[in-house]
Amino acid sequence: MKDAKFSTKSIWAGEKEQLAFGATQVPVVHSVSFGYDDMDEWYEVAVGNKPGHIYGRNTNPTVQAFEEKIRILENAEAATSFSTGMAAISNTLGTLLFPGDRVVSIKDTYGGTNKIFTEFLPKQQVEVVLCETGDHEALEAEVAKGCKVLYLESPTNPTVKITDIKRMAAAGKAVGATVVVDNTFATPVNQNPLDLGADLVIHSATKFLGGHADALGGAVCGRKSLVEAIYHYREINGATLDPMAAYLLLRGMKTLKLRVEQQNKNAEAIAEHLKTFDLVEEVFYPGLPSHPNHQIAKQQMKGYGGMLSFAVKGGVATVRDLLPKLQFANRAANLGSVETVVGPSRTTSHVECTPEERAAMGIPEGLIRYSAGIEDIEDLKNDLSQAFQSLHTYVKK
C-alpha cells in the first residue's frame, strides 16, 4: 500500500482488515457494544493493550476503516474521527488549549471556527490573535511572541485566500506551537499539509471526502501522540462518528480523486467564465493568475480546488434574483458534492456572523460561494450565462 498511487489507496486503504464473511465491502457494524467471554481479554482490549472494540462511543470497525483510509491519504501517523467537521475543530482546540494559553490564527476562517475564536475561547481565558489572511509577516510576528497553537485554513472559506503553510509551519515550530491546518477545501488530492510541516490536518468529511451530501463527519490526522490525546477528549465528550455515516464516507472516498480532479477543472473554467460578466465585480479563485497568492498556491497545491466565490454588483438584491435562475445548482449550505452548490456567505459559511463581522472579515453581502460539481462544464457555463442574461433582461424591464 505504501508505494501505491493515490487513486489505488483511496479505494483499498483501511478496508481489508475490516472485511468479514467474504464480503468485498466494509460492513456497517451497528452494534453499540462488543462482547467477550474471556474477562482477561476484555480487560486487555478495554485498556488498549490489545486490538478490538468494547463500546461504540469509543471505536467501531466501520469507523476504524474510515480513519485508516484518511490517515493513509494524508500521510499521517494516526487519525481519529468525529460526528461533524465542527466537532473535529472544536475537539482539537479543546484538547490543545487551556486557560492562559495563546492561539494565533487568521481572520478568514470558516464562520463556525471564527465563532470559537471570538466567542468561546475568550470565555475560557484563552488569548486569541487573528491576523489578516495572507499577511505572512504579521502572522510571523505574532507567532514569534509565543503561542500554544497556530491554526490555519488554506484555501479559506469562502474567499479562498491562501496561506504559505510551509513558511508558517516553520514559524510555529520555532516557538514550539502545534500547527493545525483545515484542509477541507483542498482535500488530500490537492494538498497535504503534514508534508509541508503541519502537525495536524482537519477535514470536514461531510464535504469533498464524502462527496454526495448524504453523510456528516469529521477527521483529524497527524502525529500519533497528538491524535491520541484528541481521541481521548472525543471519546469522553462523545462526538462520535456514526457507523452508517462512516460507511457512506468510505464509499464516497473511493472516487475522491476522480471527483476532485473534475471539480478542479470545472472550477477553473467557471472562474474564467465569470470574469466575462459585467455584473461580476470580482472573482476569487487561487488558480487565477490574478489571485494575490497564486504563486504560493502553485507551489503547495497539486490542484486549485473545486471552490470559488464571486462578488456581484447590487449586493444582496442581485444575489436574491440571480441564484433562483440557475438550473444546475443546489441553493444550499453545503459544498464539495457531485452536484454544483451555490449560496451567499450570509446563509452558508458565515450565517452565524453579523453583517458587521462579515464585513470585518472582508466578506461582502453580495458574495456568492460556488462549489463546482462534476457536471459537463459547458452546461454549467451556459447555465450561468442564461442566469445573468435573464437578470439583465429583468433589470431592463
Side-chain angles (χ1 to χ4, degrees), residues 82-90 108-119 153 155-161 182-187 202-219 239 241-242 245 248-249 252 259-260 263 266-267 270 284-285 305-312 315-359 361-375 380 383-384 387:
F82 303 84
S83 54
T84 67
M86 277 310 303
I89 293 168
S90 60
D108 289 86
T109 53
Y110 170 64
T113 309
N114 182 266
K115 278 297 179 183
I116 292 177
F117 287 140
T118 59
E119 182 177 337
E153 182 181 309
T156 60
N157 185 355
T159 51
V160 290
K161 293 180 181 178
D182 184 331
N183 202 35
T184 299
F185 267 28
T187 81
I202 291 178
H203 285 280
S204 172
T206 311
K207 311 304 190 299
F208 288 98
L209 295 186
H212 292 78
D214 56 6
L216 291 167
L241 179 63
D242 180 75
L248 292 170
L249 296 173
R259 290 185 286 104
V260 170
Q263 288 166 313
N266 282 357
I270 291 298
F284 305 92
Y285 186 66
M307 294 299 305
L308 63 130
S309 57
F310 59 100
V312 293
V316 175
T318 302
V319 173
R320 186 180 294 116
D321 289 340
L322 177 69
L323 294 192
K325 292 179 170 59
L326 292 173
Q327 299 174 12
F328 300 124
N330 284 327
R331 288 156 287 277
N334 189 36
L335 60 94
S337 65
V338 291
E339 310 93 357
T340 292
V341 184
V342 298
S345 293
R346 64 199 295 264
T347 58
T348 57
S349 64
H350 288 71
V351 65
E352 302 94 347
C353 303
T354 65
E356 293 75 23
E357 288 172 331
R358 287 191 289 270
M361 287 182 271
I363 302 173
E365 295 299 280
L367 186 78
I368 295 172
R369 191 178 70 175
Y370 189 102
S371 174
I374 63 171
E375 301 92 344
L380 294 180
D383 193 25
L384 280 166

Contact between [X] and [Y] at the side-chain level, heavy atoms closer than 4.5 Å - yes or no?
X	Y	result
Met86	Ile116	yes
Val316	Pro344	no
Asp108	Glu153	no
Leu322	Ile368	yes
Phe208	His203	no
Thr340	Glu375	yes

Can you name the closest pair of heavy atoms from [X] and [Y] and give their distance?
X	Y	answer
Gly210	Leu249	CA-CD2, 3.7 Å
Leu241	Gly217	CD1-CA, 3.8 Å
Ser204	Thr184	N-OG1, 2.9 Å
Ala213	Asn334	CB-ND2, 3.4 Å
Phe328	Asp383	N-OD2, 2.7 Å
Ala245	Ala215	O-CB, 3.9 Å

| task | Enter the distance from Thr318:OG1 to Leu323:CG here, rounded to the nearest 0.5 Å. | result | 10.0 Å
| query | In Å, rounded to the nearest 0.5 Å, how long is the span from CG of Leu335 to CG of Asn330? | reply | 12.5 Å
Would you check if the side chain of [X] reaches a backbone N or O of [Y] as a donor-acceptor pair within less than 3.5 Å?
X	Y	result
Tyr285	Gly305	yes
Asn266	Gly373	yes
Thr156	Lys161	yes
Arg369	Asn157	no
Arg259	Gly252	yes
Gln263	Ser337	yes
Thr84	Leu216	no
Asn114	Thr109	no
Ser371	Val341	no

| said: Checking Ser309 now: which residues fulfil side-chain contact (heavy atoms from CB on, under 4.5 Å) with it, not counting sequence neighbours? | reply: Phe284, Leu367
